[in-house]
Amino acid sequence: MKHITLNDSEIGAILFSLSLLPSLKLEKTEEQARINQNCCISAGRKLMLKDSDIEPNEFRVISASLQAVQLINNNALDVDCKTKNECLNYSDIVDKLVYAFDVQFS
């Protein structure tokens, strides 16, 4: 697995996006929703502990959560105004991270 170095602001943006993803209910099945939620929790814990042993499914949900925030910021995914404003706080960092994840992990 390729490695990406994250600063505290980037970790904060990822933790925000991971906390948001399950509430968006984008999954097609309950089973996938459960898997994603568990991966969001485990990836968040690892990021908080600065544990670099991130599993492929955890990378997947990190990337998906960042892309979801980017979609919200670009008005391509509808959410309430409070959530939209929270997402906008991370706009520049999320754009940078989405690009970094695309380059590093594709």
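Values reported hereafter were calculated over all heavy atoms of this structure, with side chains retained and with hydrogens, waters and symmetry mates removed.
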Q. Does any N or O in the side chain of S91 come within less than 3.5 Å of the main-chain N or O of L88, such that one atom is a donor and the other an acceptor?
A. no

Q: Could you pull out the closest heavy-atom pair between I14 and L47, with the gap in Å?
A: CG2-CD1, 3.3 Å

Q) Hey, is the main chain of V79 close enough, under 3.5 Å, to the side chain of T83 for a donor-acceptor pair? A) no

Q.
With heavy-atom distances below 4.5 Å as the criterion, would you say the side chains of I41 and L18 are in contact?
A. no

**Q.** Donor-acceptor contact present, side-chain E58 to main-chain E55, <3.5 Å
**A.** yes

Q: Using the salt bridge (charged side-chain N to carboxylate O under 4.0 Å, His left out) rule, collect all pairs that involve residues 70-96, keeping only residues at least two apart or in two chains.
A: E10-K96, K82-E86

Q) Within the distance-only criterion (no hydrogens, no angle test), does the side chain of S63 pair as donor or acceptor with the backbone N or O of R60 below 3.5 angstrom? A) no

Q: Quick one: which residue pairs count as a salt bridge (charged side-chain N to carboxylate O under 4.0 Å, His left out) with a foot in residues 29-44, not counting sequence neighbours?
A: none

Q: Taking atom types as modelled, find out whether N74 and Q70 have a side-chain donor-acceptor pair closer than 3.5 angstrom.
A: no

Q | Minimum-distance pair of heavy atoms, taken over all atoms of L26 and A68 | A | CD1-CB, 4.5 Å

**Q.** salt bridge (Lys or Arg N to Asp or Glu O under 4.0 Å) partners of K28, counting only residues at least two apart
**A.** none

Q. Side-chain contact, heavy-atom cut-off 4.5 Å: I72 with L20?
A. yes

(Q) Give me the atom names and distance for the closest heavy-atom approach of V61 to C40. (A) CG2-N, 3.9 Å

Q.
Measuring only between side-chain heavy atoms, which start at C-beta, is N36 closer than 4.5 Å to N57?
A. no

